[in-house]
2 protein chains.
Amino acid sequence: MGRQRSRTVTLTDVARLAGVSVATASKALNARDEVAPETRRRVLEAAEELRFQPSVLARGLQTGRTRTIGLLTDELAHRFSIPILLGVENALANGQMSVLLCDARGDAIRRQHYIRTLIARQVDGFVVLGDSNDVRPSLTPQIPVPVVYVYGESDDPRDVSVLADDEHGSRLATEHLVSLGRRQIAHVTGPQSYRAARDRATSLRVVLASAGLALAGGAPLYGEWSQRWGRTAAKMLLAANPDIDAISCGNDQIAAGVAAAVRELGRRVPDDVSIVGYDNWHEFAADCQPPLTTVDLNLQQIGEIAVKHLFAALDGQPSSGVVRQPSRLIVRDSTGPRLSPARTSTD
Amino acid sequence: MGRQRSRTVTLTDVARLAGVSVATASKALNARDEVAPETRRRVLEAAEELRFQPSVLARGLQTGRTRTIGLLTDELAHRFSIPILLGVENALANGQMSVLLCDARGDAIRRQHYIRTLIARQVDGFVVLGDSNDVRPSLTPQIPVPVVYVYGESDDPRDVSVLADDEHGSRLATEHLVSLGRRQIAHVTGPQSYRAARDRATSLRVVLASAGLALAGGAPLYGEWSQRWGRTAAKMLLAANPDIDAISCGNDQIAAGVAAAVRELGRRVPDDVSIVGYDNWHEFAADCQPPLTTVDLNLQQIGEIAVKHLFAALDGQPSSGVVRQPSRLIVRDSTGPRLSPARTSTD
DNA sequence: CTGAAAGCGCTTACAG
DNA sequence: CTGAAAGCGCTTACAG
């Protein structure tokens, strides 16, 4: 480890090799146009030859800009955190920024500690990644640099929050079911305490109402985000209401459980009962039997857009309010037309 | 955003308030013992009052230590990356270190770029997180600071690699099945190109052999890491060899597929056929029907141990070779004794 | 167009 | 025990 520790090459080395002062070398490398073309060429050549990498520390100390962003997450272990984080990291790298990662793990003390740490490291801005899409208290008052909230909405409207659009996603899914001729549509979802569950259910009912339909079973079945709950709920639903011809699920795990139970009860998916999931969690949705039609939240784009807003703020153009990223319907085999003949399956 | 930008307080401010020089203030804060107790007290008080946070940049420029680690991942999106990353982040935070995250996403160009970036930022060390537990080319020659490899083994034995112990995990799982009286044990796993698949299969056969058993079906069924493959393989196995009483699976997704197919074929799990998974991926293992007995790789500990080795190297005590973290068997309902009477299920 | 000088916020010999 | 001074590697007025 660290076997060939070579002295790092410094701007002074470059200047010496190019035969100029460090001041001139600095200007040449930073493309300030007070430098003669020939001089610039020599400096760039020297830098290239020495594989010069300017010290981000020294530059940061001088300019106050560290080209570093603090990414403060509530709970990195959550499934949706990673795609968002990838989007953030991607967009930052394009802007030559690096990201300091801090995961508070739902602990307020730890979060406070990390906020101080990131400030001490003089990050240029913060990305605050929520652990649910519920509204959360703004952290901005304690943070002296621009902040953008992702996935979870800040309770201060002066902040900017980049969010998934559950109204839109649920509408896509529901319209899809309606357009397939489904008329007895039930809804199985997670705990009512989650904004995601409530928003998706509300949007579903709005779309059904505008199609002249009522929610099968009367009310959404709130439960938990698990296959187990999906299995239980599907059995309850089909026992109470055998005419159900579609089940919209609050996430893909629930949908996988629903699909298993529906098949176990001898109904065909999608012919007898069509099923839609939510989230497009690949291992559950694409690998389900049958593969699930579902809603993709475009999480990576959410992360990228958040960074765009942060960059704008760093350039003195802060934004505020809520930005919603549209969702995308992914159609697979768990949904199909209502009155189709039994399909000649090649499954 | 960034509404109340306050001037950051500097060591000079603290020194002034405490009525000492910056040199003395610095010594007092860094607990060097050339400072009078009373003086130290005044300085600490002043720092506290001003909520002083030393500039990591300035300190780093001076000392050459940035208290920052570069975490270079091959593919953060992989399931096992997150627990390891959490372990790393946790252990680093305990050491007052921050982590710069760079995900190469399997792209060599991008990886090179990130290595240069991290070096330019003068990280004190690297953690290189592999995207599989296959052996990988060492990156150490290009990196002038200590490096520790995690999950994927470096091909240079002078490097230190902290790995999961698949031999151990597979042994735990197999011994568990054997101890339950299972005698016709088959193995369904991922692609043979994966070291994880090969190592787990090898260990399984060793344990079986030492118990005087042969692998049911003659050879492991290599396929893919999916539920679908689990379903397919289970049907093949039970058709060809109806006496199979246990199926060991290369991961939890496969096991979930196997469990679904076994039940569909009218066999009871665990009574007729016991099933073990691998990975303890909660959403698949704990939420399976029935919940899966599986092997936990202790990924978070792997990350923490890697950091310990890195810290040791930073203290001038580098290690080398392979360090393996023992696994842990998680017993749930998918395994049980062989000749039990039909259970009075409360499921 | 070029370079000497000051300074970013610290730490660390060194002198007193 | 305390403090003036130099220096970490840059950038940026400023003078020439």
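Throughout, protein chains are lettered first and strands after them, A, B, ... in sequence-line order, and every chain is numbered starting at 1. These numbers come from a predicted model, not from an experiment.
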Seminar exercise, completed: From CD of A:Q53 across to P of D:dC10 the rounded distance in Å is 11 Å

Exercise. Rounded to the Å, how far apart are B:F52 CZ and C:dC10 P?
Worked result: 4 Å

Problem set entry | Along DNA chain D (nearest heavy atom to each residue), the more 5'-positioned of B:V22 and B:Q122 | B:V22

Exercise. Which of the following nucleotides, C:dT2, C:dG9, C:dT11, is nearest to the side chain of B:L61?
Worked result: C:dG9

Seminar exercise, completed: Quick note, A:P54 side chain, CB onward, closest among C:dC10, D:dC10, D:dG3 is D:dC10

Exercise. Can you list the steps and then say if A:F126 with A:I119 is a side-chain contact (heavy atoms from CB on, under 4.5 Å)?
Worked result: CA-CA 9 Å; A:F126 274 66; A:I119 291 173; 4.2 Å; yes

For this session: Hunt down any stem DNA chain C takes part in, defined as 3 or more consecutive Watson-Crick or G-U pairs whose two distances are each under 3.5 Å.
Result: C:1-3 with D:14-16, C:5-12 with D:5-12, C:14-16 with D:1-3

For this session: Could you work out which one of D:dT12, C:dG9, D:dG3 sits closest to the side chain of B:A58?
Result: C:dG9

For this session: Write down the distance between CZ (B:R42) and C1' (D:dC1), rounded to a whole number of angstrom.
Result: 12 Å

Problem set entry | Nucleotide D:dG9, atom P - distance to CD1 of B:I119 in whole Å | 16 Å

Exercise. What is the distance from CZ of B:R16 to C1' of D:dT2, rounded to the nearest Å?
Worked result: 18 Å

Exercise. Below 4.0 angstrom from OP1 or OP2 of D:dT11, is there any side-chain N or O of A:S26?
Worked result: yes

Exercise. Atom NZ of B:K27 to atom C1' of D:dA4: distance rounded to whole Å?
Worked result: 10 Å

Problem set entry | B:Y151-B:S81 side chain donor-acceptor pair, cut-off 3.5 Å | no

For this session: Quickly work out the B:R67 CZ to D:dC8 C1' distance and round it to whole Å.
Result: 17 Å

Exercise. Side chains of A:R59 and A:L11: does their closest heavy-atom pair fall under 4.5 Å?
Worked result: no

For this session: Please report, rounded to the nearest Å, how far the P atom of D:dA5 is from the CG atom of B:L11.
Result: 17 Å

Exercise. Is A:S21 near enough to C:dT2 that one of its side-chain N or O atoms lies under 4.0 angstrom from OP1 or OP2?
Worked result: no

For this session: Check whether more than 12 heavy atoms from other residues, nucleotides or ligands sit under 6.0 Å from atom CZ of B:R67, and answer yes or no.
Result: no

Problem set entry | Distance, nearest 0.5 Å, that separates CG of A:D124 from OG1 of A:T63 | 8.0 Å

For this session: Scan B:A36 against the nucleic acid and name what it touches under 4.0 Å (heavy atoms): base, sugar-phosphate only, or nothing.
Result: sugar-phosphate

Exercise. Is a side-chain donor or acceptor of B:Q325 paired with a backbone partner of B:Q301 at a separation under 3.5 angstrom?
Worked result: no

Problem set entry | Nearest to side-chain heavy atoms of B:R59, which nucleotide of C:dC1, D:dG9, C:dT11 | C:dT11

For this session: Verify the neighbour count for atom NE2 of B:H113: are there more than 12 heavy atoms of other residues, nucleotides or ligands below 6.0 Å?
Result: yes

Exercise. For C:dC8, does OP1 or OP2 lie under 4.0 Å from any side-chain N or O of B:S55?
Worked result: no

Exercise. Within the structure shown, what part of the strands sits under 4.0 Å from B:T24 by heavy-atom distance: base, sugar-phosphate, or nothing?
Worked result: base

Problem set entry | Over 12 foreign heavy atoms within 6.0 Å of CD, A:E48 | no

Seminar exercise, completed: Among the nucleotides C:dT2, D:dC10, D:dC1, whichever has the atom closest to the side chain of B:T39 is D:dC1

Exercise. According to a strict under-4.0 Å criterion, is B:T12 in side-chain N/O contact with OP1 or OP2 of C:dG9?
Worked result: no

